[in-house]
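Lettering of chains follows the sequences in order, A, B, ..., and the numbering in each one begins at 1.
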Amino acid sequence: MSRSNLGLKRCLRVTVFLGMIILVLSLLDRTSPAQDTAPPPQTMTQSSPIFTPAHRTVMDAVREFFGSRQKPVQPIAYTHKVHLANGMQCTDCHVGVDRGPDARIPSVNFCMTCHQVIATDKPEIKKLAAYRARGEDIPWQRVYGFLPSAHVKFNHAPHIRAGVDCAQCHGDMTKQTVAVRMVDHTMGFCVQCHREKNVSVDCVACHY
Amino acid sequence: MERRDFLKISAATGAVAALEGCGNPDHQLIRFVPEEDMLPGLATWKPSICTLCPAGCGMLVRVMQGEAEVVRNGQLGILKMGLPKKLEGNPAHPISHGRLCPRGQAGLQVTYHPDRIKTPLARSGPRGSGQFQEITWDEAMKQLLSHLTALQTSNEQGKIGFLTSPLRGQRKTIVHGFAAALKAAPPIEFAFLASRTIQEANAWSFGSDALPTVDLSHSNYLISFGADFLGTWNSPVAQSVGYGHMRNGRTGQPGKFVQVESRISQTGASADEWIPSQPGMDGVFALSLAHVILSEKLGTAGAAGHAGALIAGWSEGLPDYAPAAVEKQIGVPAATISRIAREAAANAPAVALIGDGPAAHTNGFFNALAVNALNAVLGSVGKPGGIVFSPVWTSQSGKPGAAEGKKDGESSVRTLAEQIHATPDSVKVLLVDGANPVFATPMAWRVREAFEKVPFIASFGSFIDETTVLADLILPDHSPLESWLDDSPESGSTKTVASLAPPAMQPLHNTRSMPDVLLDLAHQLGGPVAAALPWKTYDDALKIAFSSLQKQKGSVSATDADDFWTKVKDQGGWWSAEDKSVSLAAGKIPAAAVKNTAPQFDGSPDQFPFHFLPFASQLCYDGSLAHLPWMQESPDPLSTVMWGTWVEMNPRTAEKLAIKQGDTIEVASQHGSLRAPALIAPGIAPDVIAMPIGQGHTNFTRYASGRGANPISILAPMVESGTGSLAWAATRVKISHISEGKIVMFGASLTDASPELKHR
Amino acid sequence: MAHQWGMVIDLDRCTGCAACVVACHAENNISTVGEDQAARGRAKHWIRVERYYEGEFPDVRVKFMPVLCQQCDAAPCEPVCPTFASYHTIEGLNGQVYNRCIGTRYCANACPYNVRFFNFYNPEWDKPLNLQLNPDVSVRSVGIMEKCTFCVQRIKASEIQAEAEKRAVKDGEIQPACVQSCSPHAMVFGDLSDPQSEVSRLARSSRGTKLLGELGTQPKVTYLQRESWHGAENA
Amino acid sequence: MAQKTPEQINEDLLRPLSGTSGRYLIVLAFLAGIVIAALCSFFWQVYAGLGVSGLRSPVFWGFYITNFVFWIGLSHAGTLISAILRLANATWRRPVTRCAEVITVFALSIGATFPVIHLGRPWLAFWLFPYPSERGIWPNIRSPLLWDFFAINTYLISSVTFLLLPMLPDLALVRDRAAGWKKKVYSVLALGWTGTPKQWNRLERAMHIMAIAVIPVAVSVHSIVSWDFAMAPVPMWHSTIFAPYFVAGAIFSGIAALILAMACLRKFLHLEEYLLPIHFENLGKLLLVMSLLWFYFVFAERLTAWYGNDPSEMTVFWVTQTGSFSPLFWLMVLCNFVIPFPLLAIKKTRTILGTSIASVTVVIGMWLERYLIIVPSLSHKYLPYSWGTYRPTWVELTITAGTFAAMVMLYMIFSKLVPIISIWELKVGLREEAHPAPALAPSHTQPNEVGAD
């Protein structure tokens with residue numbers, strides 16, 4: 001066996017070992033499956049009387065340190081594909097994306113403006129109607145979004161004005177059903193594009 | 001274990017417990033359908049009015065979408081709603097000019113305070129224990145109604161008392177209308193810093209029962225007798241804007257500012273010349289200045305008109321007030337007096353102000369009249385650069401029952417307490433709104449004991465404070481940002497101002513606006529009460545009241561009533577187009593010209609060697625803002641003290657008594673004693689000790705309770721001889737060193753060199 | 001040319017009212033630390049009003065001086081940071097990149113003005129006080145230095161707005177929270193690279209001085225010193 | 001020692017490796033307890049935040065950085081002194097070098113942890129390491145902290161090498177005498193040393209190169225540590241004298257630490273016949289020189305500040321001279337000069353006991369010096385409004401105590417694993433005795449003549 005092979009093997013071994021540690025840590029942190037089933041149970045849990053940007057648990061902190069994020073589980077299996085195929089535009093629902101920092105996630109009322117009449121017999125639409133009937137909004141979970149510890153202030157509007165395609169950061173939604181994180185919004189991802197487009201890569205352009 | 005650690009641990013264990021069950025507890029909460037369609041991340045600006053002091057500044061509220069944990073229909077959930085994020089002055093508003101003072105900035109924390117009363121409460125423990133149980137609004141209204149109707153049927157409506165903070169505008173109309181229609185006792189409007197003596201003096205001198213609007217931006221010379229006009233007195237924001245203009249905002253020379261007081265106030269700190277005078281001698285000082293002006297023919301006696309004629313000896317040129325004769329009395333060299341008088345006369349327009357401190361002596365009324373006369377002889381009354389009385393808009397809601405009540409000072413609470421002590425049955429139901437007299441009156445008045453004798457107290461308070469804790473029933477009011485608001489300030493602008501603001505946000509908690517509760521009560525009481533208050537809601541009443549302004553020339557022009565209403569709402573009110581001041585009628589004509597009497601002090605100088613000077617805190621104001629963390633943690637501008645109180649004394653005094661910075665000392669008057677840390681600062685006369693009002697709450701949220709001491713509590717029940725107001729600067733005290741202690745200060749050093757290094 | 005943001009503080013106008021202090025807290029999500037921590041010197045005030053007494057009774061004068069980050073052009077805090085958390089932005093601000101900060105606190109030592117503050121604990125807000133938090137500004141967590149940013153979020157918002165409207169940022173359009181709250185108009189903010197701006201005009205005043213300018217930090221905050229009154233005297 | 005045969009040397013010096021006494025274990029357990037307490041304190045600090053320490057605005061550096069500078073300074077005991085003595089071919093150095101070099105390695109390791117302990121977010125300390133990331137951000141090469149990072153790492157690596165190289169023959173010796181698992185371990189450590197002439201030759205050359213190379217490294221390390229301070233515009237920090245001042249102080253405290261370590265080893269490992277009064281006497285003289293040098297630097301630093309009369313510097317000057325820090329300042333002068341100077345200057349008191357006492361005071365005094373450089377300046381920067389005071393909390397005290405305990409503990413463990421005195425070098429010394437080579441220091445065969453001149 002050659003020397004380089006040995007080195008490679010050792011590297012692999014270390015990687016596997018580290019991976020195991022992370023796996024064990026994340027298993028320890030496994031939350032109960034209750035969270036993964038939507039809709040979440042409607043108990044009256046009193047959350048902490050204090051707000052702090054701290055992590056809830058040490059495990060949370062460790063997980064964030066290694067950059068692992070939980071997969072969002074949506075209460076309703078909304079399909080972007082179908083809606084876009086029907087000729088809708090992103091901005092029809094995600095209003096405000098061209099005007100301000102954030103895009104709106106439509107409320108149950110907004111969805112029901114169409115689904116009052118359209119496809120009312122489908123099970124997912126029935127779920128939707130049930131939310132409306134209970135007077136509740138849909139507890140959508142965030143798919144993207146920066147971690148608070150990234151201290152990033154992203155503003156959609158200038159990007160839309162600059163002609164950045166939605167798909168560039170969010171993937172091709174015409175092929176997606178329930179939205180999943182297709183693009184990793186790492187700093188490298190942002191900076192690369194900023195460099196290519198010759199726009200500011202000053203830290204304070206995003207971090208403040 | 002410290003509170004902080006406890007909170008941390010409980011938060012940690014709570015979080016762990018929640019995690020074991022079901023991950024992120026926020027996801028557990030149901031989400032209510034947003035009632036408001038706002039775009040996330042985009043700010044909208046809504047007008048509002050600052051209600052934290054009587055100045056009545058117009059504000060703009062920056063509202064952004066956020067997620068609030070709220071209870072709706074008994075269920076806790078998350079609601080996407082518009083949340084106020086920042087308060088700024090309204091640039092269009094003629095009082096705030098787009099600026100806001102530190103207290104106004106902190107108004108946000110009133111709304112978001114963790115200890116706000118979130119739902120109606122009924123007392124469940126002994127009175128004053130602070131034990132309450134949550135009830136529904138229906139139950140609460142039923143309880144209150146039953147008490148009111150019981151008195152109605154037994155024809156004892158006169159035994160219903162109504163105690164409020166100073167009211168203006170339509171809120172006043174409704175409260176007074178309610179009381180009048182119910183045939184209850186006239187409402188008592190209580191505030192510690194009510195400036196009642198000055199208002200009364202202005203009525204005598206100038207015929208206007210109001211605080212003056214000070215046109216500082218045109219003044220060239222300003223003599224302020226203890227007026228903290230840049231901090232807490234009258235309309236601080238408007239005055240600060242004018243002051244900035246006077247100092248350096250205009251071409252030509254900046255004006256000079258002379259402050260006369262025995263302890264450097266936050267305002268006095270900015271003065272070009274600070275003149276310490278003997279407490280209670282401000283009137284003599286003012287007349288001594290007038291004497292110089294008259295004797296040196298820098299002004300004529302006649303020019304002072306009625307304001308001068310009120311003063312005994314005025315037409316003779318005030319012979320008793322020659323500087324040389326009074327310099328000992330005032331404690332100011334005669335040369336200084338003459339110089340100031342000459343400077344003032346030579347730098348017209350010159351203006352003199354009198355603040356609450358000098359008016360809070362037994363001769364305070366005379367002091368105020370004397371300063372008024374000085375102003376008159378300086379020719380600054382009703383003129384640019386002087387003091388102006390602006391016309392106040394009295395809302396005409398078209399209802400005869402809604403009479404404007406007479407202004408009353410804090411003395412009426414004393415009367416009320418005396419009345420209850422004399423005949424315990426005289427007040428059977430007491431309604432309290434905003435006022436906290438149990439905190440803000442001397443113990444010697446025995447207000448708490450009196451209130452404890454009242455069979456039923458209902459409070460509209462948003463917080464459990466020293467007065468509300470005595471209540472049997474609490475019907476929590478909205479926070480100002482959640483309410484409709486209107487205001488017609490009496491000073492601060494030369495324009496007539498009628499401020500109006502719709503709610504800037506939906507209510508966070510299960511609260512109701514007090515005027516709406518009263519209207520609802522009136523409706524349910526029926527009969528003449530319902531007839532006197534015919535409006536369905538508070539905003540109905542406002543709309544009707546404001547419609548009368550449409551015809552007048554002002555900041556809003558509109559084609560029809562609805563258009564006018566919309567525009568007024570958007571602008572945050574209506575103000576007149578032109579600067580106008582009320583034509584000054586001759587004031588009250590007394591039987592005889594007013595003569596000075598030496599100020600009286602409680603306690604003999606031998607036994608109680610120090611004058612005790614309480615003063616309004618720049619941040620906690622009269623104590624009503626001590627519950628806001630921002631106010632507690634912002635360093636006081638002069639002492640830099642945070643989260644506490646202090647007793648200020650001269651280094652010479654401290655040296656004599658062997659007191660070091662931060663030592664705990666006891667301050668005792670004939671009527672009580674308190675303990676607080678000493679603050680040694682040079683800006684105070686050696687025979688005076690001063691203490692900020694604001695701390696010393698026994699029962700006022702987690703941030704203010706049990707913190708510091710309340711100087712009001714040990715005050716002697718001295719009264720101003722002319723108006724009957726509390727002479728809160730007329731107490732003498734003694735001090736004794738108790739132990740070493742500490743004081744939390746942000747600034748490490750009082751001077752630009754440490755005393756430790758002085759010897760080099 | 002990039003903007004060079006600067007400020008002028010007229011000490012003749014400043015009344016020491018502390019409105020700027022509270023406005024800054026409200027705008028920038030600065031947490032309050034409580035009495036115990038304040039006593040331990042952990043209170044955070046990005047802007048503070050320094051007060052110095054001069055003289056002895058009865059000839060006492062008081063000096064107020066609002067001190068905030070001076071956004072020095074030759075800032076001692078910047079080169080010492082090993083991770084570039086503290087660095088000079090294109091627009092001349094002393095940027096503080098929170099996520100890059102590992103908490104050496106070297107910058108705070110190097111800063112002669114003591115305007116850098118450290119999060120000794122995670123900040124806490126008793127709910128629902130957290131609803132006051134400004135979504136435009138990061139909430140800093142434990143172990144991070146923070147300091148006055150000249151309200152960079154407002155600067156950014158105005159620049160983005162101006163860009164959307166295809167115009168330049170107007171003089172006086174941007175007001176940091178302290179400037180906006182200042183009743184006597186003691187503070188003026190603007191672009192120093194534009195000689196016509198109000199702030200440039202005032203900065204050229206003969207009363208203008210730099211705080212600790214002798215250290216060579218080249219602050220972008222100019223203090224206009226108080227003038228003694230010289231009105232017409234009749235004496 | 002002349003009467004010692006190589007076998008006796010082996011016997012004496014390998015004895016500590018063969019077994020442990022109950023007393024040893026008790027002391028070790030006690031020290032380990034302190035170290036564990038310090039570790040717990042540190043984890044508590046990481047969990048809760050730096051607020052558990054006494055640090056505050058504006059004194060953002062306190063005990064931790066004091067300890068950092070102190071331990072880095074202490075680390076100059078070994079490698080530097082040993083290298084100089086080796087180059088100078090001072091034969092009396094032979095029993096001293098290894099215990100000196102060990103001090104360096106341990107003190108440096110301990111010192112190097114403090115910058116991490118004092119971080120607000122210690123889990124991100126790896127950002128100081130220049131590695132390529134997708135962010136495209138490298139550490140800031142302008143920051144003295146980064147220079148520190150590299151300097152200390154360089155020094156640590158070279159010190160470890162410097163310690164390990166001459167250890168090889170001894171490790172081989174231990175290997176040859178050991179059995180079972182120990183033999184395996186020592187075989188690995190000895191790196192296949194068999195003692196061939198080629199190996200000896202290479203070792204000799206390597207040591208020579210290392211001795212030359214390590215001196216500038218050592219000097220630069222403490223210069224760079226001093227620049228952590230001197231680069232910041234803080235009153236009394238911003239000074240050109242800092243680099244030599246720190247290096248001198250470092251050597252000063254290093255020698256004191258070495259004397260202390262030798263005194264302890266001599267007593268507890270019964271090495272009376274190896275660590276002789278002559279060693280203490282010689283090192284005592286060195287300490288005396290350094291004490292004078294230290295005094296000179298303090299005087300020069302203070303004189304220029306006082307003469308310059310810059311208000312901000314004078315504030316710090318008076319605070320330490322007569323103000324609240326003056327008790328510590330004068331205690332420092334007492335410890336670093338007033339006590340050690342006569343003890344070391346008078347031949348009669350330059351005994352093992354005398355030098356040990358002097359060393360104790362010097363170690364205390366030098367710790368105080370680091371503290372007095374950092375805290376008074378930070379607490380009295382330019383604007384009096386923002387001055388502040390500093391008082392450590394139990395967390396800092398525990399961690400500080402823990403590092404002292406760790407030092408002793410590591411030393412104790414080391415002395416049980418490796419001969420603390422270089423056996424082969426002593427043997428070489430024996431050989432050389434037969435054929436005396438020119439030496440700068442008198443041979444140890446004439447102890448009474450040493451220092452008589």
Are Lys153(A) and Ser138(C) packed together at the side-chain level, in the sense that at least one heavy-atom pair is separated by less than 4.5 angstrom? yes
Contacting moiety of [X], where chain A heavy atoms sit under 4.5 Å:
{"X": "Ile144(C)", "value": "side chain"}
{"X": "Pro128(C)", "value": "neither"}
{"X": "Ser141(C)", "value": "both"}
{"X": "Val137(C)", "value": "backbone"}
{"X": "Leu129(C)", "value": "neither"}

What part of Asp102(A) is in contact with chain C, defined as an atom under 4.5 angstrom from a non-hydrogen atom: side chain, backbone, both or neither? neither
With rounding to the nearest 0.5 Å, note down the distance linking CH2 in Trp125(C) to CD1 in Ile50(A). 12.0 Å
If you look at every heavy atom in Pro123(C) and Pro53(A), which pair is closest and at what distance? O-CD, 3.3 Å
Atom pairs and distances, side-chain donor-acceptor, residues 170-178 of chain C, under 3.5 Å, sequence neighbours left out:
residue, atom, partner, partner atom, Å
Asp171(C), OD2, Glu198(C), N, 2.9
Glu173(C), OE1, Arg167(C), NH1, 3.0
Glu173(C), OE1, Lys170(C), N, 2.8
Glu173(C), OE2, Arg167(C), NH2, 3.1

Without placing hydrogens or testing angles, list every side-chain donor-acceptor pair under 3.5 Å for residues 200-208 of chain A, not counting sequence neighbours.
residue, atom, partner, partner atom, Å
Ser200(A), OG, Asp202(A), N, 3.1
Asp202(A), OD1, Tyr87(C), OH, 2.6
Asp202(A), OD2, Ile90(C), N, 3.1
His207(A), ND1, Ala150(A), O, 3.1
His207(A), ND1, His151(A), O, 3.2
His207(A), ND1, Asn99(C), OD1, 3.2
His207(A), ND1, Asn99(C), ND2, 3.4

